[in-house]
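All of these numbers come straight from a predicted model, not from anything done at the bench.
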Amino acid sequence: MTETELHRLTEDGRRLVGESFMKGEATLTDEQLSEYVEPMPGHPTADLDRIDSAVEQVLTEYPEYDTDIDGALAEEIYCGLDITRRTAGDPGLWHWLAVVRYPDLVRHRWEYRSEEAMREKFLGAGSDLYSNAIHRLWWIAELTSHGDDYSTTDAVFANQTMVNKVFDRWFARYQPAVRAMCDELEDEPSRVIDETTRRFNHALTNVQLEGLSENEAREMIREIVAESR
């Protein structure tokens with residue numbers, strides 16, 4: 001295993017990401033990028049060789065825009081990066097990974113439908129779990145794995161409705177609620193997933209999310225699921 005130092009794309013570097021780059025019609029050279037790429041605070045490292053290998057395999061074996069790519073890569077990206085949440089909270093890291101390190105992966109997974117939508121896949125991150133193409137894979141694995149057990153992570157990525165409806169809600173970063181929600185909705189149809197996440201999100205306007213234990217969140221979710229069927 002070779003540990004590679006992680007970098008981030010600066011805010012000014014975001015201006016390099018134009019429509020032609022997002023469509024794959026233009027590339028960014030090392031010379032263009034050099035001014036806008038800098039080391040991460042604390043100089044974290046990661047096993048990017050592992051991720052390189054997984055990405056190469058996905059690009060070869062999976063057709064364009066196949067949603068199964070998410071499940072095939074999430075554990076590899078999560079284990080390969082092995083970073084803290086503090087490091088993962090820096091949007092520039094995800095912009096560097098998406099724009100500089102793995103732009104072909106982003107374009108292979110996500111069809112270009114509009115400049116705004118594709119810009120999110122390259123330059124989203126921060127508080128929005130669902131936007132950046134690589135950031136979302138790491139965070140969903142972080143919030144759903146149990147030690148070396150990625151069964152819940154795999155189940156989530158096997159159900160795109162779950163990904164969309166759970167991780168595009170504001171409660172998505174609170175791990176006890178996410179785990180309870182994913183467990184309770186795993187075998188439910190899309191209609192129930194949609195209704196339950198919407199109603200749980202609304203219920204949190206009257207309940208302090210961080211004050212809920214996983215069991216308390218689970219009980220609330222079970223009641224909503226039963227009412228939503």
Side-chain angles (χ1 to χ4, degrees), residues 6-29 32-33 35-38 40 51 55 58-59 62-74 77-78 81 85 87-144 156-174 178 190 193-195 197-198 200-202 204:
L6 294 172
H7 290 72
R8 64 183 181 188
L9 187 68
T10 65
E11 285 194 20
D12 285 344
R14 294 161 56 100
R15 291 180 299 187
L16 298 173
V17 182
E19 187 175 20
S20 58
F21 172 82
M22 291 186 282
K23 286 181 173 179
E25 297 169 352
T27 59
L28 294 173
T29 66
Q32 287 174 295
L33 289 163
E35 182 180 350
Y36 304 105
V37 172
E38 61 186 21
M40 294 282 296
I51 300 177
V55 168
V58 159
L59 293 177
Y62 288 79
E64 286 184 314
Y65 322 134
D66 188 343
T67 57
D68 288 344
I69 290 172
D70 294 342
L73 276 180
I77 285 176
Y78 183 70
L81 290 176
R85 289 189 178 187
T87 299
D90 188 328
L93 167 64
W94 306 104
H95 300 163
W96 177 71
L97 288 169
V99 173
V100 181
R101 192 86 186 185
Y102 303 114
D104 290 342
L105 170 64
V106 178
R107 299 186 193 104
H108 193 81
R109 168 61 181 87
W110 296 96
E111 183 177 7
Y112 185 96
R113 297 181 184 276
S114 71
E115 181 172 351
E116 180 182 8
M118 201 61 167
R119 186 169 293 279
E120 275 200 342
K121 299 309 172 194
F122 279 106
L123 296 176
S127 60
D128 185 353
L129 284 185
Y130 190 73
S131 57
N132 183 282
I134 301 170
H135 171 266
R136 63 196 287 277
L137 302 183
W138 189 92
W139 270 107
I140 291 175
E142 163 74 1
L143 293 167
T144 58
V156 167
F157 280 117
N159 185 335
Q160 284 296 308
T161 301
M162 185 99 81
V163 176
N164 298 344
K165 299 301 180 182
V166 174
F167 295 94
D168 203 21
R169 305 286 191 189
W170 76 268
F171 64 79
R173 280 183 184 264
Y174 187 58
V178 167
S190 296
I193 295 172
D194 186 14
E195 182 69 7
T197 53
R198 185 186 66 77
F200 182 69
N201 206 51
H202 180 72
L204 294 175

Query - Partner residues of His7 under the side chain to side chain contact (heavy atoms under 4.5 Å, CB included) criterion, sequence neighbours left out - result: Glu5, Val37, Pro39, Trp96
**Report entry** Residues in salt bridge (Lys or Arg N to Asp or Glu O under 4.0 Å) contact with Asp194, at least two apart in sequence or another chain
**Finding:** Lys165, Arg169
**Report entry** From Glu64 atom CD to Leu59 atom CG, the distance as rounded to the nearest 0.5 Å
**Finding:** 10.0 Å
Requested in this report: Return the minimal non-hydrogen interatomic distance between His95 and Asn132, and the atom names on each side.
Outcome: CD2-ND2, 4.1 Å
Report summary line: salt bridge (Lys or Arg N to Asp or Glu O under 4.0 Å) filter on Arg101, not counting sequence neighbours, yields Asp52
Report task. Return the set of residues passing side chain to side chain contact (heavy atoms under 4.5 Å, CB included) with Thr27 (not counting sequence neighbours), or none when no residue passes. Result -> none
Report summary line: Residues at least two apart in sequence or cross-chain that pass side chain to side chain contact (heavy atoms under 4.5 Å, CB included) with Leu28, listed by chain then number, are Leu16, Phe21, Gln32, Leu33, Val99
Query raised in the report: When you look at Arg136 and Asp70, which way does the side-chain contact (heavy atoms from CB on, under 4.5 Å) test go after all the steps?
Result: CA-CA 9 Å; Arg136 63 196 287 277; Asp70 294 342; 3.1 Å; yes
Query raised in the report: Ile140 versus Tyr78: any side-chain heavy-atom pair under 4.5 Å?
Result: no
**Report entry** Beyond-backbone contact of Trp139 with Arg85, side-chain heavy atoms, under 4.5 angstrom
**Finding:** yes
Report summary line: In short, Phe167 meets Leu129 closest at the heavy-atom pair O-CB, 3.7 Å
Query raised in the report: Considering residues at least two apart in sequence or located in another chain, which fulfil the side-chain hydrogen bond (donor to acceptor under 3.5 Å, both in side chains) criterion with Ser190?
Result: Thr161
**Report entry** Heavy-atom side-chain contact between Ile193 and Asn159 under 4.5 Å
**Finding:** yes
Query raised in the report: To the nearest 0.5 Å, how far apart are CG in Leu137 and CG in Leu73?
Result: 6.5 Å
Query - Side chain to side chain, Ile69 and Leu105, heavy atoms closer than 4.5 Å - result: yes
Query raised in the report: Do Met22 and Phe122 have side chains that get closer than 4.5 Å, going by heavy atoms?
Result: yes
Requested in this report: Report the residues that fulfil salt bridge (Lys or Arg N to Asp or Glu O under 4.0 Å) with Glu111, sequence neighbours left out, ordered by chain and then residue number.
Outcome: Arg113
Query raised in the report: To the nearest 0.5 Å, what is the distance between CG (Leu81) and CD1 (Ile51)?
Result: 4.0 Å
Query raised in the report: Rounded to the nearest 0.5 Å, what separation is found between the CG atom of Leu6 and the CG atom of Leu97?
Result: 6.5 Å
Query raised in the report: Relative to the ring of His135, is the ring of Trp94 parallel (under 30°), tilted (30 to 60°) or perpendicular (over 60°)?
Result: perpendicular
Report summary line: In short, Ala72 meets Tyr62 closest at the heavy-atom pair CB-OH, 3.5 Å
**Report entry** side chain to side chain contact (heavy atoms under 4.5 Å, CB included) against Glu19, all qualifying residues, sequence neighbours excluded
**Finding:** Lys23, Tyr112, Glu115
Requested in this report: Please round to the nearest 0.5 Å and tell me the distance separating atom CG of Asp90 and atom CE of Met40.
Outcome: 4.0 Å
Query raised in the report: For the residue pair Asp66 and Arg109, what are the closest heavy atoms and their distance?
Result: O-CD, 3.7 Å
Query - side-chain hydrogen bond (donor to acceptor under 3.5 Å, both in side chains) partners of Arg173, counting only residues at least two apart - result: none
Query raised in the report: Taking everything shown except Glu35 itself, do over 12 heavy atoms lie less than 6.0 Å from its CD?
Result: no
Query raised in the report: Can you list the residues that meet the salt bridge (Lys or Arg N to Asp or Glu O under 4.0 Å) rule with Glu120, with sequence neighbours excluded?
Result: none
**Report entry** Rounded distance (nearest 0.5 Å) linking atom OG1 of Thr10 with atom OH of Tyr36
**Finding:** 7.0 Å
Report task. Could you tell me whether Arg198 and Glu195 have a side-chain N and a carboxylate O separated by less than 4.0 Å? Result -> yes
Requested in this report: Name all residues meeting the ring pair (Phe, Tyr, Trp, His ring centres under 6.0 Å) criterion together with Phe200; count only those two or more places apart in sequence or in a different chain, and write none if there are none.
Outcome: Phe171
Requested in this report: For Val178 and Ala172, work out which heavy atoms get closest and say how close.
Outcome: CG2-O, 3.0 Å
Query raised in the report: With sequence neighbours excluded, what pairs up with Tyr102 under the ring pair (Phe, Tyr, Trp, His ring centres under 6.0 Å) test?
Result: none
Requested in this report: Taking all non-hydrogen atoms of both residues into account, name the closest pair between Ala74 and Ala141 and its distance.
Outcome: O-CB, 4.2 Å
Report task. Measure the shortest side-chain to side-chain distance between Leu123 and Arg119 over non-hydrogen atoms and say whether it is less than 4.5 angstrom. Result -> yes
Query raised in the report: Can you find a pair of side-chain heavy atoms, one from Thr67 and one from Val163, that are under 4.5 Å apart?
Result: no
